[in-house]
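A short write-up of the structure that comes next.
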Amino acid sequence: MEKVSVIGAGSWGTAIAFVLAENGHDCLLWARRTEQSAEINNKHTNDSYLPSISLPDNLKATSDLEAVARHGDTVIIAVPTKAIREVCAELNRMELGLKLVVHVSKGIEPDSLKRISEMITEELSPSKMKAVVALSGPSHAEEVVLHHPTTVTAASTNIEAAEKVQDLFMNNYFRVYTNPDIVGVEIGAALKNVIALAAGVSDGLGYGDNAKAALITRGLAEISRLGVKMGASPLTFSGLTGLGDLIVTCTSVHSRNWKAGNLLGKGHSLEEVVSGMGMVIEGVRTAKAAHQLAARHDVSMPLTEALYSVLFEDVPPKQAVDQLMNRMKRQEIEDLFGTK
Ligand SMILES: NC(=O)C1=CN([C@@H]2O[C@H](COP(=O)(O)OP(=O)(O)OC[C@H]3O[C@@H](n4cnc5c(N)ncnc54)[C@H](OP(=O)(O)O)[C@@H]3O)[C@@H](O)[C@H]2O)C=CC1
Ligand SMILES: O=C(CO)COP(=O)(O)O
């Protein structure tokens with residue numbers, strides 16, 4: 001049994017803590033609202049994020065961030081990308097020992113164009129962090145807490161740290177692989193949300209499985225093109241955090257990104273969709289970052305650009321699809337790796 005801290009009691013932080021507690025670890029979960037930590041401790045539920053789910057009795061929560069940060073040798077950060085720097089800055093002000101830091105978030109910061117492990121490394125002093133690991137893959141919280149078989153990847157340049165995370169989480173419904181390519185894992189995790197928004201738009205417009213398959217495969221092509229230019233291994237994109245997460249997010253009714261895209265395709269405004277979701281839609285902010293990354297690395301990302309134009313340039317979804325379909329002709333494979 002190990003002491004583990006989870007920071008963030010949204011749907012994914014709660015599901016992650018659920019797995020750790022079921023594995024017998026002494027897991028303390030940080031919920032920023034006291035009424036939510038009280039609900040987790042007293043009723044063993046977190047109804048606003050995971051309705052009708054009973055949480056393990058040994059899972060404890062508090063809204064005291066410092067108590068949570070001190071509790072575990074391993075600290076797992078499970079807040080939206082937008083909150084990563086803020087949370088790390090708070091941790092940095094605390095007297096903590098050396099921790100293994102794990103993040104489970106999926107995004108890229110606009111303007112700085114930093115991946116999440118880069119933001120964490122910038123914000124947290126080396127005296128507080130042994131290593132940073134990204135835990136990522138096709139894993140809807142709603143299915144994990146039903147014990148549905150789920151596979152994810154622990155990625156770190158420090159392979160011992162990745163193996164430590166693998167050991168903490170592995171059980172008969174949650175299988176963890178390791179991968180040293182944290183660049184590829186974080187790029188795949190973030191950019192699949194942009195393509196999932198596009199898949200939702202396609203469904204909202206009434207298009208079918210052909211369009212969905214095109215989005216997944218050509219989405220993977222443009223994510224791989226960018227990732228390879230950023231130093232990732234091309235093989236990572238055919239794995240769990242690339243193709244795997246694209247499939248689950250583009251095809252699942254659980255996906256907030258897919259749902260948001262679906263509403264956009266049906267004619268709702270971005271403001272309406274974001275305010276109505278009540279949970280983070282990472283792909284919206286990441287679409288800005290992806291648009292900037294494509295320009296910085298001079299990589300062609302037509303699906304990302306089409307989605308960006310729908311989100312931020314008021315291009316009607318149907319017009320964006322027409323523009324995509326009428327681009328100049330291309331070969332399928334020539335531009336996958338290393339070139340534009
Ligand atoms: N949901 C899923 O199935 C999966 C999600 N992820 C990723 O995990 C990350 C977290 O997502 P998820 O749990 O689903 O998000 P949710 O929207 O379900 O929950 C977000 C959580 O973060 C807290 N939070 C929001 N803003 C801040 C802030 N500024 N400071 C501190 N805490 C904050 C919220 O607190 P409050 O309730 O008080 O607002 C809430 O506890 C995302 O990057 C997502 O892509 C990865 C795999 C699966
Ligand atoms: O990342 C996820 C599943 O792997 C969750 O996706 P959504 O944020 O779109 O719900």
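For ligands, and for the atoms within them, numbers begin at 1 and follow the listed sequence.
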R93/E90 under salt bridge (charged side-chain N to carboxylate O under 4.0 Å, His left out): CA gap, chis, key distance, verdict: CA-CA 5 Å; R93 285 192 281 273; E90 285 201 46; 5.0 Å; no

Provide, to 0.1 Å, the distance between [atom] and the closest protein heavy atom, together with that atom's residue and name.
atom: atom 48 (C) of ligand 1; answer: S139 O, 3.1 Å
atom: atom 40 (C) of ligand 1; answer: Y49 OH, 3.5 Å
atom: atom 18 (O) of ligand 1; answer: S11 OG, 2.7 Å
atom: atom 19 (O) of ligand 1; answer: G10 CA, 3.2 Å
atom: atom 22 (O) of ligand 1; answer: P80 CD, 3.2 Å
atom: atom 46 (C) of ligand 1; answer: W12 CD1, 3.3 Å
atom: atom 17 (O) of ligand 1; answer: V280 N, 2.9 Å

A9 touching ligand 1 at heavy-atom level, < 4.0 angstrom: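 Contact check A9 vs ligand 1: positive.
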
Test item, R256 contacting ligand 1 (heavy atom, 4.0 angstrom):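 Right, R256 reaches ligand 1.
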
Test: K288 cationic atom under 6.0 Å from F312 six-membered ring centre, within 45° of axis: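 Yes.
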
I need the atoms of ligand 1 closer than 4.0 Å to a non-hydrogen atom of [X], numbered in the order shown.
X: A141; answer: 2 (C), 3 (O)
X: V104; answer: 6 (N), 7 (C), 8 (O), 46 (C)
X: H140; answer: 3 (O)
X: A83; answer: 27 (C), 28 (C), 29 (N), 30 (N)
X: W30; answer: 31 (C), 32 (N)
X: E282; answer: 42 (C), 43 (O), 45 (O)
X: E86; answer: 29 (N), 30 (N)
X: R33; answer: 36 (P), 37 (O), 38 (O)

Heteroatom distance test (T81, ligand 1): nitrogen or oxygen, under 3.5 angstrom: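 There is no such contact.
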
Polar atom proximity, R32 to ligand 1 (N or O, under 3.5 Å):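 Min N/O separation from ligand 1 is below 3.5 Å for R32.
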
Within one Ile-Leu-Val-Met-Phe-Trp-Tyr cluster: L65 and V104, side-chain cutoff 4.5 Å: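 Cluster IDs for L65 and V104 differ.
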
same_hphob_cluster(L28, F169) at 4.5 Å side-chain heavy-atom cutoff: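 No, it is not one cluster - the side chains of L28 and F169 are not joined through contacts under 4.5 Å.
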
Decide if atom [atom1] of [X] counts as having more than 12 heavy atoms of other residues, nucleotides or ligands within a radius under 6.0 Å.
X: E313; atom1: CD; value: yes
X: N42; atom1: CG; value: yes
X: E160; atom1: CD; value: no

Cationic N near anionic O, under 4.0 Å, K99 to D73: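 Result for this pair is no, no salt bridge flagged.
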
SB check E282 K106 (cutoff 4.0 Å):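 Result for this pair is no, no salt bridge flagged.
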
Proximal protein residues to ligand 2, non-hydrogen atoms under 4.0 angstrom: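 Its neighbours under 4.0 Å (heavy atoms only) are K106, G137, P138, S139, H140, K192, D245, V248, T249, H254, S255, R256, N257, given by chain and number.
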
N179 and T153 side chains, donor-acceptor separation under 3.5 Å: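 No, because no side-chain N or O of T153 sits under 3.5 Å from a partner of the opposite role on N179.
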
Residue pair S117 / E186, side-chain donor-acceptor N/O under 3.5 Å: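 Per modelled atom types, S117 and E186 side chains form a pair under 3.5 Å.
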
Residue pairs involving residues 246-265 (criterion ring pair (Phe, Tyr, Trp, His ring centres under 6.0 Å); sequence neighbours excluded):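 For residues 246-265: H140-H254.
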
Working for side-chain hydrogen bond (donor to acceptor under 3.5 Å, both in side chains), residues S112 and E109: CA-CA 6 Å; S112 80; E109 187 173 53; 2.5 Å; yes

Under 3.5 Å donor-acceptor, N257 side chain and G283 backbone: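 Pair found, side chain donor or acceptor close to backbone of G283.
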
Check against ring-ring contact (aromatic ring centres under 6.0 Å, His included), F18 and H44: CA-CA 11 Å; F18 176 105; H44 306 292; over 10 Å; no

